[in-house]
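Working notes, beginning with the structure itself.
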Amino acid sequence: MSVKAFYQYLEFLKLAGIQDIFIKEPEPIVEAVEEGCVDKARILHDLSQKYANCQKCGLSQGRINLVYGQGNADAKLMLIGEGPGANENKTGQAFVGAAGELLDRQLHAIKLTRQEVYIANIVKCQPPYNRNPEANEVQACMPYLLEQIEIVAPQIILLLGRVPAHAILETTESISRLRLRRHLFREIPVYVTYHPAALLRDPKYRVPTWEDLQRVRDHYFSL
Ligand code: URA
């Protein structure tokens, strides 16, 4: 019997008039994580399964796989991208196409690997024709990301591109300005840089992105 079913059974006995049953509600996931009494990777995995058939917005219609996120559940650094593309939709893994290869090289350049960080996206299902996610889609998916942030509890967040920067920092300021300052999100230091796909399209973003990554690297290795 699952834990949930067991609690429901106890509730049922109480309702049936058996008074000597004292039910302590199970801890909400995030509290349990904070108390260090659960396996974060396991919880993230279970949540990804739970949301796999999400119907909260129209993006579910083009979904082959929900791309929940992946990496180290205890990561000090969390990267947040925009949303899955076609390769990610096919595989269920974040950043597996050309942008993903570049992201791997960028991480390597700052002495990190994909296995050390946690990678998530603003929306978990591919927008049609890779258009930007719409406000209602961002809003529908945001609770999943907030939950991931609470569970992983990173000490640094790096936002990759305009969509995550605007969604998380609730601004419409340009990346070229946002990247010049360090921000805070729920007391977590946040850096902003260009999306890897932008670098693939236009090499002019390479130098500023490298500057941003070096700031993230210095912060990370000072933790
Ligand atoms: N671009 C993103 O922002 N996220 C992915 O997972 C892949 C490409």
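One-based numbering, in listed order, for ligands and for the atoms of each. Scope of the values below: all heavy atoms of this structure, side chains included, with no hydrogens, waters or symmetry mates.
Ligand 1 lies within reach of Asn121, whose nearest heavy atom is under 4.0 Å from it. Heavy atoms of His195 approach ligand 1 to within less than 4.0 angstrom.
Residues Glu173 and Arg181 are paired through a salt bridge, judged by an N-O separation under 4.0 Å between the basic side chain and the carboxylate. Ion pairing between a basic and an acidic side chain is recognised when a charged N comes within 4.0 Å of a carboxylate O; Arg131 and Glu137 show such pairing.
Of the N and O atoms on the side chains of Gln214 and Asp218, not one donor lies less than 3.5 Å from an acceptor on the other residue.
Close N/O approach between Glu88 and ligand 1 is not found [any backbone or side-chain N/O within under 3.5 Å]. Where the criterion is an N or O separation shorter than 3.5 Å, residue side chain and backbone included, Ala99 fails it with respect to ligand 1.
Taking each of Gly81, Gly83, Ala94, Gly100 in turn, the one with a heavy atom nearest to atom 2 (C) of ligand 1 proves to be Gly83.
Within ligand 1, counting atoms from 1 as listed, the ones closer than 4.0 Å to a heavy atom of Glu82 are 2 (C), 3 (O).
For His219 and Tyr191, the ring centers are positioned less than 6.0 Å apart.
The nearest pair of heavy atoms linking Leu178 to His183 is O-NE2, 2.8 Å.
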